[in-house]
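First up is the structure itself, then whatever we jot down about it.
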Amino acid sequence: MINIEIYQAKPEDGERLKQIAIASKSYWGYSEHLMGQWAQTPIITSELINKDIVYMACANSLIIGWYRLLIRLPVAILEDLWVLPDYIGKGVGRKLFEHAIQQADLSGAERLELDADPNAEPFYTRMGCKAAGESISEWGRAIPHMTYNLQR
Ligand SMILES: CC(C)(COP(=O)(O)OP(=O)(O)OC[C@H]1O[C@@H](n2cnc3c(N)ncnc32)[C@H](O)[C@@H]1OP(=O)(O)O)[C@@H](O)C(=O)NCCC(=O)NCCS
């Protein structure tokens, strides 16, 4: 069991967080062409880190995953959730997701919403999310839109 600590991201973490997102998404075996196109987009910037809620999972002082939450009350949107391939399947995603739920709750949101990578849908279902239709991704494909109810 790895010891995971959660820290708020700082603007200077942006470049490393972008590299982690690219490594993480590559885990699903997408083509170099699609990944290369995506890597040309901002993904995460110091401005977004200042504006949104961005937290990182760290183990042994290394960043191994992160998430970004947007507050658009009554909704909180989980815009990013990435774990480095070497750490996938070790409880890091759960820890980050549960932290994001806490932050969404603290912000007063009634529900969390997200557009899931189709490969990650079983993870979100396990976390308690429900499928709620489809969204069209930046790659033009239909992907699951999911919600998590925060109202007690
Ligand atoms: C999706 C992702 C964030 C999940 O993080 P993770 O660290 O691998 O997940 P965890 O190890 O914390 O798993 C949490 C739970 O979900 C379950 N789970 C994870 N993936 C699953 C799958 N494909 N099918 C069924 N259950 C799954 C685990 O068994 C675990 O259950 P438990 O805690 O009750 O034992 C991670 O796989 C990832 O970064 N993938 C690549 C990038 C990506 O797709 N990000 C999401 C973009 S929307």
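Quick note: numbers below take in every heavy atom, side chains included, and nothing from hydrogens, waters or symmetry partners. Atoms within each ligand, like the ligands themselves, are counted from 1 in listed order. Counting begins at 1 with the first residue of the sequence.
- When all heavy atoms of L112 and A104 are compared, the closest pair comes out as CD1-CB, 4.3 Å.
- Residue T45 holds its OG1 atom at 10.5 Å from CD of E15, rounded to the nearest 0.5 Å.
- W66 places a side-chain N or O within 3.5 Å of a backbone atom of L17 that can act as its donor or acceptor partner.
- At a heavy-atom cutoff of 4.0 Å, ligand 1 is surrounded by S24, W28, L81, W82, V83, I88, G89, K90, G91, V92, G93, R94, D115, A116, D117, A120, P122, F123, Y124, R126, M127.
- We find that E98 and R94 are joined by a salt bridge, their nearest charged nitrogen and carboxylate oxygen being less than 4.0 Å apart.
- For A21 against I43, the heavy-atom pair with the smallest separation is CB-CG2, 3.9 Å.
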Using atom types as modelled, flag every donor-acceptor pair under 3.5 Å from a side chain in residues 125-135 to any protein atom, sequence neighbours excluded.
residue : atom : partner : partner atom : Å
T125    : OG1  : E121    : O            : 3.0
S135    : OG   : D115    : OD1          : 2.6

